[in-house]
**Student:** 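Quick one: structure below, then a few questions.
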2 protein chains.
Amino acid sequence: MSKRGDNNKCDNKDLLAVRDALEVLNGKWKLQILIAVLNGTKRFKEIAKEVDGISDRMLSKELKELEMNELVKRKVIDAFPPIVEYSATPHTKSLHPVVDALKTWGYLHRKKIIGGVKTETGNAG
Amino acid sequence: MSKRGDNNKCDNKDLLAVRDALEVLNGKWKLQILIAVLNGTKRFKEIAKEVDGISDRMLSKELKELEMNELVKRKVIDAFPPIVEYSATPHTKSLHPVVDALKTWGYLHRKKIIGGVKTETGNAG
DNA sequence: GTAAGCACTATACAAAAGGTAAGTAATGAG
DNA sequence: CTCATTACTTACCTTTTGTATAGTGCTTAC
């Protein structure tokens, strides 16, 4: 009866919530873009630099989806070579626990698996 | 030293950690499978039922990758129609904060965006 | 006029992820 | 023998993602 006190279990509704989150945050780039923007308002090229490896095409696409979900705010400044600034919204900021948990787990995982991996070629099965 | 107190910012190393986590957890299904297993040891078909929509092909594939990363433990019981049990490991359990953050944010997002969306076809006034 | 820079957009094509359907091995029910 | 069951594997197809290249509109620098 005490579902509230037990956050280590997921019922069906919880599963749905995770699916919703995953749908918005899925893919290789979205979280990384969000982190860049969470660290401060940035222009297109600046995000591209921070999210190393992403192409203009992908960044443009992801930014649009993120905007639709109110996870970035786009501001066009009417200047000579165009200036477009992307910034975090309150909704983006609500992602901090997710980013933080992922970050913490990333370090943990690196220690446990990546750092202590048996050589790919040397395991006798 | 001061980094400890400020978990709202990500430096380059933190970014890398998030990328590591994303690499292991990426895709539509991994977290959902992990949640199913975190809720208790289960057989192949049981996971398939809980992670609604996944195909045998995908489940098999994902389970393998998860096993390689020590996120599920596979136990074969030598019985007549095969019995294979998948269970959580200590490493899986370390994912609880991630799952929990994602779950919480999923609810939040549903309220904010999915629940309060303007109708796609009928927003003319 | 030519070149460079910004924030995109468009096109073509390759690669990866995901979906669907069918097949495999072993065994008990009919 | 056929059907059903379990845990997968295989083949084929579509969608998404990634790479490379070129172009738009505007302005400064040469």
Side-chain angles (χ1 to χ4, degrees), chain A residues 15-16 18-37 40-69 71-88 125, chain B residues 15 18-37 40-69 71-88:
Chain A
L15 217 294
L16 257 298
V18 174
R19 288 176 87 130
D20 286 342
L22 250 31
E23 223 166 274
V24 182
L25 268 18
N26 74 14
K28 198 174 172 181
W29 305 115
K30 296 232 175 65
L31 254 326
Q32 293 182 66
I33 294 170
L34 256 13
I35 290 171
V37 172
T41 297
K42 289 193 177 55
R43 301 174 64 173
F44 190 90
K45 280 287 174 194
E46 288 176 311
I47 299 174
K49 244 172 269 171
E50 198 161 325
V51 181
D52 198 56
I54 198 171
S55 64
D56 282 5
R57 180 182 177 280
M58 274 297 121
L59 183 52
S60 178
K61 202 181 204 166
E62 304 287 63
L63 245 12
K64 258 179 216 164
E65 291 181 44
L66 258 14
E67 216 194 324
M68 290 193 334
N69 284 305
L71 287 170
V72 295
K73 198 182 152 200
R74 187 170 178 270
K75 185 183 176 190
V76 182
I77 296 168
D78 189 22
F80 81 103
I83 296 176
V84 183
E85 286 181 350
Y86 295 92
S87 53
Chain B
L15 217 293
V18 174
R19 288 177 86 132
D20 285 342
L22 252 30
E23 224 165 274
V24 181
L25 269 16
N26 72 16
K28 198 174 173 179
W29 303 115
K30 297 230 174 68
L31 255 323
Q32 294 183 65
I33 295 170
L34 257 11
I35 290 171
V37 172
T41 295
K42 288 190 179 58
R43 300 174 65 173
F44 190 89
K45 280 286 174 196
E46 290 177 311
I47 300 174
K49 245 170 269 169
E50 198 160 325
V51 181
D52 197 58
I54 197 170
S55 63
D56 283 6
R57 179 185 177 278
M58 274 296 124
L59 183 53
S60 177
K61 202 181 202 169
E62 304 287 64
L63 245 11
K64 255 180 218 163
E65 290 180 45
L66 259 14
E67 216 194 327
M68 290 193 335
N69 284 304
L71 287 171
V72 294
K73 198 182 152 198
R74 186 172 178 270
K75 184 183 177 188
V76 181
I77 296 168
D78 190 19
F80 84 103
I83 296 176
V84 183
E85 286 180 351
Y86 294 92
S87 53

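Bear in mind that the values here come from a model prediction, so they are computed numbers and not experimental data. Per chain, numbering begins at 1; letters A, B, ... match sequence-line order.
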**Student:** Would you mind reading off the distance between A:Lys64 atom NZ and C:dA7 atom P, rounded to a whole angstrom?
**Tutor:** 15 Å
**Student:** Rounded to the nearest 0.5 Å, what separation is found between the NZ atom of B:Lys42 and the OG atom of B:Ser87?
**Tutor:**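 Answer for the NZ-OG pair, B:Lys42 versus B:Ser87, is 10.5 Å.
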**Student:** Yes or no on side chain to side chain contact (heavy atoms under 4.5 Å, CB included) for A:Arg57 and A:Lys61, after CA distance, side-chain angles and deciding distance?
**Tutor:** CA-CA 6 Å; A:Arg57 180 182 177 280; A:Lys61 202 181 204 166; 3.9 Å; yes
**Student:** Just how far is it from atom NZ of B:Lys45 to atom CG of B:Leu59, taken to the nearest 0.5 Å?
**Tutor:** 9.0 Å
**Student:** Using 0.5 Å steps for rounding, measure from the NZ atom of B:Lys73 to the OH atom of B:Tyr86.
**Tutor:** 13.5 Å
**Student:** Could you tell me how far apart A:Lys28 (NZ) and C:dG18 (P) are, to the nearest whole angstrom?
**Tutor:** 13 Å
**Student:** Rounded off to whole Å, could you give me the CH2-to-P distance for the A:Trp29 and C:dA16 pair?
**Tutor:**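 My rounded result for the distance is 14 Å.
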**Student:** Looking at every non-hydrogen atom in both residues, tell me the closest pair between B:Leu25 and B:Leu34 and how far apart they are.
**Tutor:** CD1-CD2, 4.3 Å
**Student:** Walk me through it: do B:Met58 and B:Val51 pass the test side chain to side chain contact (heavy atoms under 4.5 Å, CB included)?
**Tutor:** CA-CA 11 Å; B:Met58 274 296 124; B:Val51 181; over 6 Å; no
**Student:** Take the protein atom CG of B:Asp78 and the nucleotide atom P of C:dA25, then report the distance between them rounded to whole Å.
**Tutor:** 17 Å
**Student:** Rounded off to whole Å, could you give me the CG-to-C1' distance for the A:Leu63 and C:dC8 pair?
**Tutor:** 11 Å
**Student:** Using a cut-off of strictly less than 4.0 Å between a heavy atom of the residue and any atom of DNA chain C, enumerate the qualifying residues of residues 46-61 of chain A by number.
**Tutor:** A:Asp56, A:Arg57, A:Ser60
**Student:** Can you check the B:Gln32 CD to C:dA17 P distance for me, whole Å?
**Tutor:**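 Result: 17 Å.
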**Student:** With a non-hydrogen cut-off below 4.0 angstrom, is B:Gly27 in contact with a base, only sugar-phosphate, or nothing?
**Tutor:** sugar-phosphate
**Student:** How long is the straight-line distance from CG of A:Leu15 back to CD1 of B:Ile35, given to the nearest 0.5 Å?
**Tutor:**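 Rounded to the nearest 0.5 Å, the CD1-CG separation comes to 5.5 Å.
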**Student:** What is the distance, to the nearest angstrom, from the CG atom on B:Leu25 to the P atom on C:dA17?
**Tutor:**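 In whole Å, C:dA17 P and B:Leu25 CG are 15 Å from each other.
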**Student:** Measuring from A:Lys30:NZ to A:Leu71:CG, what's the distance to the nearest 0.5 Å?
**Tutor:** 10.0 Å
**Student:** 5' to 3' on DNA chain D, which nucleotides open and close the contacts with chain A (atom under 4.0 Å from a heavy atom)?
**Tutor:** D:dT17 to D:dT27
**Student:** To the closest 0.5 Å, what do you measure between CD1 (A:Ile83) and CZ (A:Arg43)?
**Tutor:**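 If I round to the nearest 0.5 Å, the distance is 4.5 Å.
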